[in-house]
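In what follows, every chain begins at residue 1, and chains take the letters A, B, ... in the order their sequences are listed. In this text, all values refer to a predicted model and were calculated from it rather than measured experimentally.
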Amino acid sequence: TQLLEQSPQFLSIQEGENLTVYCNSSSVFSSLQWYRQEPGEGPVLLVTVVTGGEVKKLKRLTFQFGDARKDSSLHITAAQPGDTGLYLCAGSYNNNDMRFGAGTRLTVKP
Amino acid sequence: SQTIHQWPATLVQPVGSPLSLECTVEGTSNPNLYWYRQAAGRGLQLLFYSVGIGQISSEVPQNLSASRPQDRQFILSSKKLLLSDSGFYLCAWTIAGVRETQYFGPGTRLLVL
């Protein structure tokens, strides 16, 4: 059974600070997705990474996929209140299984 | 462009009552469809997925059932709700054969009292 863990579970920071959240698995991912979910809404896809060591940037967000494809990180530079939300990672495995992490709930205070 | 709808947005039901949640997708054909439940502070738990009309796969044994009467319609049902059925229910779709890159609906908040 593949396990997918996200850390930290909660994160509260001031506007302008930088932060990093993590997603780790006990198994190798074939691909990994990051989503952001706002309260009362469905998750929205931010990025998909598929290659070990891959780095993708989306404005102030930087996504990194580990060389061994078992972990990923999301770094936000100069966080803004609009970044507040639940950040979910979802990993796909070679057996066509897909798992979501429990998420990191981020609060950015103005 | 593709859109996905869910209704109702919020539902309060007594224990033992039936349930029917509906999900429809527009702008695509033959999508894979998924039902998830999200409990407070927890990740998404896949309940059912469907690769075509009348084809339903269940991920976990439970009090719920799903049906796909039309290509772009996915229904989540229960004959008798339990307190533990409370949660946030999300429908999602993907391109046929591609399980990654899921597009989610707005969700239905279900409270069973």
Enquirer: Need one label for Leu44(B): side chain, backbone, both or neither, based on atoms under 4.5 Å from any heavy atom in chain A.
Expert: both

Enquirer: Given side-chain hydrogen bond (donor to acceptor under 3.5 Å, both in side chains), test Gln38(B) with Gln37(A) step by step and report yes or no.
Expert: CA-CA 12 Å; Gln38(B) 186 176 32; Gln37(A) 183 180 19; 2.8 Å; yes

Enquirer: Compare every heavy atom of Leu106(A) with every heavy atom of Asp83(A), then report the nearest pair and how far apart it is.
Expert: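 In this case the closest contact between Asp83(A) and Leu106(A) is O-CD2, 3.7 Å.
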
Enquirer: Going by the angle between their ring planes, with limits at 30° and 60°, are Tyr35(A) and Phe104(B) parallel, tilted or perpendicular?
Expert: perpendicular

Enquirer: Report the option among Leu46(B), Thr10(B), Ile4(B), Leu90(B) that has the most heavy-atom pairs separated by less than 4.5 Å from atoms of chain A.
Expert: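 Of Leu46(B), Thr10(B), Ile4(B), Leu90(B), Leu90(B) has the most heavy-atom pairs under 4.5 Å with chain A.
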
Enquirer: Which atoms of Leu32(A) come close to chain B, meaning under 4.5 Å heavy atom to heavy atom: side chain ones, backbone ones, both, or neither?
Expert: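 For Leu32(A), there is no contact with chain B at all, as no heavy atom is under 4.5 Å.
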
Enquirer: With a 4.5 angstrom heavy-atom cut-off, could you sort out which part of Tyr36(B) is near chain A: side chain, backbone, both or neither?
Expert: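 Contact with chain A is through the side chain of Tyr36(B) alone.
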
Enquirer: Assess, by modelled atom type and distance only, whether the side chains of Ser57(B) and Gln55(B) contain a donor and an acceptor separated by less than 3.5 Å.
Expert: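 No - no donor-acceptor pair under 3.5 Å links their side chains.
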
